[in-house]
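Take a look at the structure set out below.
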Number of protein chains: 2
Amino acid sequence: MARVRKTVTIRDVAEDAGVSLQTVSRVVNGGPNVRPQLRDKVQAAIDRLGYVPSLAAQRMSGSRSYIILAINDRERTLADWRERRGTDWVDQMLLGGILTCSKHGYRMMVELVDTHSDHVERELGAALSALQPDGVILTPPHSENRLITALLAERAIPFARIGSDAPGAGIRLTMGDAGAAHLATTRLVQLGHKRIAMIAGPSQYSLSGWRIAGWRRALAEAGLPDEGLLEVGDFGFDSGIRAARTLLERNPDLTAIIASSDQMALAALEVARERGLDVPRDLSLVSFDNTPIVRFTQPPLTAVDQPIAETVARAIEHLIARAPGAEDGEVIEVAAALVERSSTAPAPDRG
Amino acid sequence: MARVRKTVTIRDVAEDAGVSLQTVSRVVNGGPNVRPQLRDKVQAAIDRLGYVPSLAAQRMSGSRSYIILAINDRERTLADWRERRGTDWVDQMLLGGILTCSKHGYRMMVELVDTHSDHVERELGAALSALQPDGVILTPPHSENRLITALLAERAIPFARIGSDAPGAGIRLTMGDAGAAHLATTRLVQLGHKRIAMIAGPSQYSLSGWRIAGWRRALAEAGLPDEGLLEVGDFGFDSGIRAARTLLERNPDLTAIIASSDQMALAALEVARERGLDVPRDLSLVSFDNTPIVRFTQPPLTAVDQPIAETVARAIEHLIARAPGAEDGEVIEVAAALVERSSTAPAPDRG
DNA sequence: ACCGATCTTGAGAGCGTTCTCAAGACTTGT
DNA sequence: ACAAGTCTTGAGAACGCTCTCAAGATCGGT
């Protein structure tokens with residue numbers, strides 16, 4: 001039986017190096033005003049003993065908690081997960097978060113919260129009290145929730161809102177939704193398409209509006225109409241089926257669809273198949289999100305890649321470093337990219 | 001400007017209820033020996049004030065940290081993520097973990113560790129010192145790593161190893177790999193297949209061996225040969241391409257392949273396509289993992305669904321509850337299921 | 001009623017860290 | 001060489017909680 005090793009504390013290091021606790025603390029935190037010689041001696045002791053400060057104790061002593069909390073929607077996450085749909089937001093956030101946090105000595109935690117329940121405040125409040133995070137990242141639809149932002153403001157916890165339009169406290173980040181929709185639409189225009197429809201997300205999401213705006217602007221610039229070419233879904237597969245059917249029935253001359261989620265794009269692909277339309281020969285398709293599944297459909301889908309991980313990374317850096325310009329109310333835009341695969345092609349020749 | 005609310009501490013509750021800190025603590029922790037009347041009074045104060053204990057303070061005072069740490073391989077996770085391949089392990093673990101943890105008042109954190117670097121110990125040691133988790137969950141290949149298990153044993157941190165054969169400390173959990181491979185193979189035998197190949201994972205992974213064993217046993221039971229029908233990949237797409245080509249060239253009468261990962265199954269599908277073989281008419285295909293992508297291929301793949309989330313959930317419950325039978329060295333088996341889709345069919349008639 | 005055992009409650013220390021503040025060691029300017 | 005700063009270091013309190021231990025309240029048996 002190996003003897004259980006006692007935890008190495010700051011006191012052990014102080015004794016080993018023959019200095020006070022305070023000096024060790026200063027060295028650990030890179031504080032100023034420590035003579036180089038002493039600093040080296042302490043650092044040597046730290047390395048030798050393998051000392052790492054206890055997060056809990058650091059938090060206790062009134063300094064930071066070194067925890068960033070990401071809030072996700074429980075219902076949607078669980079549904080995605082249960083149906084093995086791919087929990088894109090969660091893993092993208094988590095990875096972007098973990099990487100960025102660890103770079104700065106922070107940790108990321110994910111909290112699932114019920115958006116629609118009356119006790120959002122209660123649930124979130126409990127998490128905040130327990131964890132006392134140094135920052136919170138809100139994704140849609142939580143980033144649009146007034147109750148939540150008010151709660152965070154009241155507790156003076158810095159937070160970042162991703163994909164929200166609502167003004168107010170907190171840094172805001174967007175993933176260039178309008179620009180991406182504009183880009184995708186313009187690309188389809190270049191390919192000769194004249195009737196380009198959009199299946200949008202629900203209107204409660206600010207990003208739905210941005211995408212519609214980008215699409216409209218591109219159409220207007222090309223002198224193309226948008227009447228009858230917009231349908232609204234809920235990001236899910238079934239809503240995509242309904243929307244795609246409606247669009248294709250109403251517009252016999254439709255040659256391109258932009259869907260506001262991969263699931264809805266998959267649904268559009270399915271509808272095309274059931275109507276005997278070949279993608280991309282008869283119908284071009286662009287989706288939003290670029291989750292792993294769209295690479296393996298037949299054909300692989302052209303998609304707008306949402307830079308979730310990068311956006312979260314940016315959010316975290318502002319949160320912890322209070323990076324220059326991290327004023328409340330500032331808006332940071334991370335650009336999305338269009339990944340062209342095989343679901344887009346020149347418009348069919350209507351000879 | 002709303003006034004910033006001060007954190008509610010146990011002291012506030014004690015004052016409000018007119019009792020000592022200790023009594024509040026007992027109520028919060030469900031301690032024994034508190035008169036019902038007093039308990040109710042304290043509970044009322046807790047509810048009124050919205051008190052939630054600080055995790056950091058709890059940890060400090062020598063009790064538990066209420067943190068479960070899951071260790072994942074950094075390299076593999078990052079590669080999966082960068083290529084938008086779907087980080088199945090991460091999100092499945094995370095979700096199973098978050099759900100189970102929150103049910104018991106715990107939190108889950110994910111740590112990415114370099115398996116192949118010499119400083120695994122250093123990296124992991126730092127995480128353990130900082131977080132002081134109450135339990136650690138190890139997935140392959142970390143669950144097979146002696147250095148890691150020794151480190152955890154030395155620090156007396158309970159840990160669970162998923163998918164490892166290596167004896168030693170810690171609870172072990174498997175996802176019924178042998179059984180699942182046996183099940184899949186038997187199903188193919190029932191469909192009339194006589195030449196059933198396997199593309200296995202690397203031999204360092206215990207689960208590779210288990211799957212091969214299950215496959216071999218099923219073949220033996222059916223009186224079928226296994227010579228020349230085994231190829232080894234590294235779970236990745238490219239290795240699957242090589243393995244599938246080799247198998248099909250070497251065995252002209254091959255009618256079924258079981259791949260030990262979704263990526264390798266996708267590769268086999270690709271190879272079938274390039275050789276003009278129709279799946280499932282000419283070749284049946286079964287994959288392992290059942291990540292979201294295999295539902296959207298053409299045809300959708302029959303797959304062994306790895307119950308990662310459930311396994312993690314079980315691991316956590318043993319770790320925190322020290323559930324009955326959580327003896328070190330115990331092995332818990334969670335059964336995997338076969339999800340039949342359209343990549344399997346009766347063996348072609350060799351007339 | 002009385003004695004010992006058991007319940008219930010509270011007081012005080014301690015967990016590992018950082019914060020505040022004060023004391024001593026150097027500088028610098030004259 | 002002396003006063004007035006500036007650096008460097010350390011002592012002690014504080015953070016919010018649970019642990020240990022002791023004191024008072026209550027109970028059961030005679």
Side-chain angles (χ1 to χ4, degrees), chain A residues 5-43 45-46 49-67 105 126 128-134 155, chain B residues 5-43 45-46 49-67 105 126 128-134 155:
Chain A
R5 198 172 63 161
K6 213 189 133 291
T7 315
V8 177
T9 76
I10 199 173
R11 170 161 283 113
D12 300 321
V13 177
E15 270 173 25
D16 188 283
V19 299
S20 74
L21 304 188
Q22 186 47 42
T23 301
V24 178
S25 177
R26 274 192 271 259
V27 172
V28 169
N29 297 298
N33 305 341
V34 180
R35 267 187 316 196
Q37 187 192 350
L38 235 199
R39 178 181 296 276
D40 291 348
K41 193 167 148 195
V42 172
Q43 188 59 54
I46 290 174
L49 269 43
Y51 167 70
V52 177
S54 150
L55 224 58
Q58 289 189 127
R59 167 63 239 179
M60 274 301 296
S61 61
S63 97
R64 289 171 291 194
S65 65
Y66 296 100
I67 288 177
L128 295 179
S129 299
L131 258 23
Q132 295 170 282
D134 290 340
R155 300 214 185 189
Chain B
R5 198 171 64 162
K6 213 189 133 292
T7 315
V8 177
T9 76
I10 198 172
R11 168 162 282 114
D12 301 321
V13 177
E15 270 173 26
D16 188 284
V19 299
S20 73
L21 306 188
Q22 185 47 43
T23 302
V24 178
S25 176
R26 273 192 273 260
V27 172
V28 170
N29 296 298
N33 305 340
V34 180
R35 269 188 317 199
Q37 187 193 349
L38 234 199
R39 177 180 298 275
D40 292 348
K41 192 167 148 196
V42 172
Q43 188 60 55
I46 290 175
L49 269 43
Y51 168 70
V52 177
S54 151
L55 223 59
Q58 288 189 127
R59 167 63 239 181
M60 274 301 297
S61 60
S63 95
R64 290 171 289 196
S65 66
Y66 297 101
I67 288 177
L128 295 179
S129 298
L131 260 23
Q132 294 169 281
D134 291 340
R155 301 217 183 187

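Values reported hereafter were calculated over all heavy atoms of this structure, with side chains retained and with hydrogens, waters and symmetry mates removed.
Annotation: side chain of A/K41 is not in contact with side chain of A/T23 (no heavy-atom distance under 4.5 Å). Proximity of B/V27 to B/Q43: side-chain heavy atoms (C-beta onward) are separated by under 4.5 Å at one or more points. Contact annotation: the side chain of B/L49 never approaches that of B/E15 to less than 4.5 Å [non-hydrogen atoms, C-beta and beyond].
Nucleotide C/dG16 holds its C1' atom 15 Å from the CG atom of B/L131, rounded to whole Å. Between the CZ atom of B/R11 and the P atom of D/dA14 there is a distance of 11 Å, rounded to whole Å. Between B/I10 atom CD1 and D/dC15 atom C1' the separation is 14 Å, expressed in whole Å. Computed from coordinates, the A/I46 CD1 to C/dG16 P distance equals 16 Å when rounded to whole Å. Following rounding to the nearest Å, A/R64 (CZ) and C/dG16 (C1') show an atom-to-atom distance of 17 Å. For the pair B/Q132 CD and C/dG16 P, the computed distance is 8 Å after rounding to whole Å. A/D12 has its CG atom 9 Å from the P atom of C/dG16, to the nearest Å.
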Trace of the side chain to side chain contact (heavy atoms under 4.5 Å, CB included) decision for B/S65 with B/L131 | CA-CA 8 Å; B/S65 66; B/L131 260 23; over 6 Å; no
When you look at A/R155 and A/S129, which way does the side chain to side chain donor-acceptor pair (under 3.5 Å) test go after all the steps?
-> CA-CA 10 Å; A/R155 300 214 185 189; A/S129 299; 3.0 Å; yes
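With A/D40 contributing its side chain and A/Q37 its backbone, the two residues share no donor-acceptor pair below 3.5 Å.
Across all their heavy atoms, B/Y51 and B/V28 have their closest contact at CE2-CG2, 3.8 Å. Across every non-hydrogen atom of B/T9 and B/D12, the tightest pair is N-OD2, 2.8 Å. Contact detail for A/A45 and A/V13: the closest heavy-atom pair is CB-CG1, 4.0 Å.
Within residues 33-41 of chain A, no residue has any heavy atom closer than 4.0 Å to DNA chain C. Residues from residues 16-29 of chain B placing a heavy atom under 4.0 Å of any atom in DNA chain C, listed by number, are B/V19, B/S20, B/Q22, B/T23, B/R26.
An OP1 or OP2 oxygen of C/dT17 is reached within less than 4.0 angstrom by a side-chain nitrogen or oxygen of A/Y51.
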